[in-house]
Number of protein chains: 2
Amino acid sequence: MRKKMDDEQRRVIREKILVCTKSIVEEEGFEGISIRKVAELAGYTPGSIYQYFENKDVLVREVIKEGYEKILEAVLSETGHSLTIEKQIRQKFKAYTRAAMEMPDYYKAVMMNDDKAIVGMTSVLDNASNGAIIILEKAIKKGIDSNEFKEGNPKIIARIIWASNFGLTMRMITEKINDEETINAFMDEQFDLLFNGLQKKERT
Amino acid sequence: MRKKMDDEQRRVIREKILVCTKSIVEEEGFEGISIRKVAELAGYTPGSIYQYFENKDVLVREVIKEGYEKILEAVLSETGHSLTIEKQIRQKFKAYTRAAMEMPDYYKAVMMNDDKAIVGMTSVLDNASNGAIIILEKAIKKGIDSNEFKEGNPKIIARIIWASNFGLTMRMITEKINDEETINAFMDEQFDLLFNGLQKKERT
DNA sequence: ATATAAAATGAACACTGTTTAATTAAACAG
DNA sequence: CTGTTTAATTAAACAGTGTTCATTTTATAT
């Protein structure tokens with residue numbers, strides 16, 4: 001009797017299917033994914049794909065997840081430990097945005113999808129112990145406690161900064177703004193506004 | 001010989017098709033739109049739809065456009081002329097966001113679509129003589145000229161505020177935040193940050 | 001070599017957008 | 001009222017989609 005594939009064999013085939021799907025995304029975007037195309041590229045018939053992925057959604061979700069993880073890696077590999085906390089945050093966000101704009105399809109897919117499983121992925125940022133949001137939240141709390149920042153809920157403020165950054169990134173992607181200088185100008189101005197807004201000062 | 005339909009007759013039928021499409025969107029979202037469903041609802045066969053709309057994209061684009069116009073109306077109908085400029089802007093943005101969150105599918109469709117014809121629609125906001133962005137831009141220019149706001153490019157700052165608002169709105173839609181109080185808290189905090197950041201003051 | 005179970009296939013189903021030949025319907029002339 | 005003409009509508013087909021499942025192929029243990 002034919003032996004059941006072990007987990008490693010299955011993993012290899014799943015990986016091959018994922019790689020083929022990603023290559024389709026690179027050439028035709030997420031809309032271009034079709035089970036038949038994936039199958040042909042992987043050297044299978046369409047039906048076989050279902051032996052490795054429950055359905056198309058699961059396959060696509062996996063591809064999105066792996067793409068987004070690459071974007072997140074850009075944040076984590078950006079250390080800049082010698083700078084002030086504000087500059088650290090700024091650099092991390094900029095690294096994140098730069099990575100997102102290099103994989104716009106993936107960024108869009110993960111940020112816009114209201115599929116529960118994918119919304120959950122975005123909150124990786126919120127939950128991961130060293131995720132950008134947590135670092136940001138702690139820095140803000142520190143600033144408030146030391147009376148440097150104005151009063152406010154650090155959790156809410158952190159999320160607003162993150163959402164604001166997302167909005168600008170998304171608009172730059174949608175409007176196909178590619179010029180590195182323009183991108184930098186927009187991002188710097190946004191952080192200037194937001195961080196300046198955090199300072200504790202009376203309004204004139 | 002059968003007379004050609006006049007423009008009014010065609011308009012009426014187009015309108016009927018649009019109404020049917022919108023009713024599908026309301027029940028199943030934009031993904032639910034299919035020419036066959038639209039045709040059946042409108043009392044036609046699929047082929048006939050193509051007499052009134054070049055293709056599905058054109059039909060969908062028209063539906064998106066009309067939906068977004070409704071969102072924009074909310075901004076325009078929000079007068080609040082007795083308040084300060086900052087409060088006017090704040091109120092307009094809040095009206096816009098509230099309208100967008102009541103028609104999330106349409107807002108999402110218009111803001112996320114990189115289809116040239118639809119990106120053009122979003123710049124209605126930029127171009128319309130009394131669009132939110134222009135008002136914002138003028139107010140910012142005034143603040144800078146009167147030495148009240150810090151130095152900066154009003155066009156860029158206006159776009160950043162708009163993009164930041166979009167980001168927060170989109171995240172609240174995606175994360176299905178429905179509580180009116182929470183929505184208000186997030187929006188107010190965002191404007192506090194951004195407008196406070198605009199003030200001309202030395203950083204401590 | 002053969003039996004057995006797992007993997008892979010191929011065909012089918014129900015759907016999609018779109019095109020086009022054929023049909024139906026309406027308005028005019030005689 | 002009867003053709004004729006022409007526009008509106010339809011029905012059928014095409015190529016594509018995701019998915020399922022009976023059938024076939026394949027690899028292994030006996």
Side-chain angles (χ1 to χ4, degrees), chain A residues 1-25 27-65 105 109 113 115 117-118, chain B residues 1-25 27-65 105 109 113 115 117-118:
Chain A
M1 61 218 109
R2 184 171 184 163
K3 251 192 188 166
K4 239 186 184 168
M5 279 181 169
D6 59 38
D7 288 356
E8 177 57 15
Q9 278 177 296
R10 280 189 69 82
R11 220 220 73 234
V12 168
I13 295 178
R14 268 182 68 99
E15 184 56 33
K16 187 206 234 169
I17 293 170
L18 286 168
V19 167
C20 293
T21 310
K22 285 178 204 167
S23 82
I24 293 173
V25 173
E27 292 193 4
E28 314 175 48
F30 280 87
E31 314 294 296
I33 301 175
S34 96
I35 296 291
R36 281 174 178 80
K37 266 192 254 173
V38 171
E40 194 180 13
L41 244 89
Y44 282 104
T45 49
S48 290
I49 304 299
Y50 289 84
Q51 203 110 64
Y52 300 95
F53 293 92
E54 204 185 324
N55 55 42
K56 192 192 174 186
D57 276 357
V58 171
L59 167 60
V60 171
R61 204 176 296 151
E62 187 79 26
V63 170
I64 290 174
K65 192 187 135 205
D105 287 330
N113 208 316
D115 178 348
I118 291 184
Chain B
M1 59 221 107
R2 185 169 184 166
K3 254 192 186 165
K4 243 187 180 167
M5 277 181 169
D6 60 37
D7 287 356
E8 177 57 16
Q9 278 178 296
R10 280 188 68 81
R11 220 221 73 234
V12 169
I13 295 178
R14 268 182 69 98
E15 183 57 32
K16 187 205 233 169
I17 293 170
L18 286 168
V19 167
C20 293
T21 310
K22 284 178 204 166
S23 83
I24 293 172
V25 173
E27 293 192 3
E28 313 174 49
F30 279 87
E31 314 294 295
I33 301 174
S34 96
I35 296 290
R36 281 175 177 79
K37 266 192 254 174
V38 171
E40 193 179 15
L41 244 92
Y44 282 103
T45 48
S48 291
I49 304 298
Y50 289 84
Q51 205 111 62
Y52 300 95
F53 293 92
E54 203 185 327
N55 55 43
K56 192 192 175 186
D57 276 357
V58 170
L59 167 61
V60 172
R61 205 176 295 152
E62 187 80 26
V63 170
I64 291 175
K65 192 187 136 206
D105 287 328
N113 208 316
D115 178 347
I118 291 184

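What's counted below: heavy atoms across the whole structure, side chains too, no hydrogens, waters or symmetry copies. Fair warning: this is a prediction, and the values are worked out from it, not measured in the lab. Within every chain, numbering begins at 1; the chains are lettered A, B, ... in the order of the sequence lines, protein sequences first and strands thereafter.
Summarising the geometry, atom CZ belonging to R11(B) is positioned 13.0 Å from atom CE belonging to M5(B); distances are rounded to the nearest 0.5 Å. Atom-to-atom distance recorded for I33(B):CD1 and K22(B):NZ is 11.5 Å, nearest 0.5 angstrom. Rounding to the nearest 0.5 Å places CG of N55(B) at 7.5 Å from CZ of R61(B). The structure places CD of E8(B) at 10.5 Å from CD1 of I13(B), a figure rounded to the nearest 0.5 Å. Note that CD1 of I64(B) is 10.0 Å distant from CG of D105(B), once rounded to the nearest 0.5 Å. Rounded to the nearest 0.5 angstrom, I17(A) CD1 and R14(A) CZ are separated by 8.0 Å.
The distance between atom CD of E40(B) and atom P of dT16(C), rounded to the nearest whole Å, is 10 Å. Rounded to a whole Å, the CD1 atom of I33(A) is 13 Å from the C1' atom of dG18(D). We find that CZ of R61(A) is positioned 16 Å from P of dG18(D), with the value rounded to whole Å. One interatomic measurement links the two molecules: CD of E31(B) to P of dT16(C), which rounds to 13 Å at whole-angstrom precision. Atoms NZ (K37(A)) and P (dT17(D)) sit 6 Å apart, rounded to a whole Å.
Within a heavy-atom distance below 4.0 Å of DNA chain D, the residues of residues 4-19 of chain B found are K4(B), M5(B). The stretch residues 47-59 of chain A touches DNA chain D through G47(A), Y50(A), N55(A), K56(A), each having a heavy atom within less than 4.0 Å of the strand.
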Under 3.5 Å, side-chain donor or acceptor atoms of residues 39-54 of chain B against the rest of the protein: list the pairs with distances, not counting sequence neighbours.
none

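A donor-acceptor contact under 3.5 Å is not formed by the side chain of R36(A) with the base of dG16(D).
Remark: K37(B) engages E28(B) in a side chain to side chain donor-acceptor pair (under 3.5 Å) (not counting sequence neighbours).
Nucleic acid contact for T45(A): base, since at least one base atom lies under 4.0 Å from a heavy atom of the residue.
Considering only heavy atoms from C-beta on, V19(B) stays 4.5 Å or farther from K16(B) through its side chain.
At least one donor-acceptor pair closer than 3.5 Å links the side chain of Q9(A) to the backbone N or O of D6(A).
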Nucleic acid footprint by protein, nucleotides 21-30 of chain C - heavy-atom cut-off 4.0 Å, B for base, S for sugar-phosphate alone: ----BBBS--
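Remark on the helix from dA1(C)-dT30(D) to dG30(C)-dC1(D): inter-end axis angle 30°, axes from five-pair C1' superpositions, rounded to 10°.
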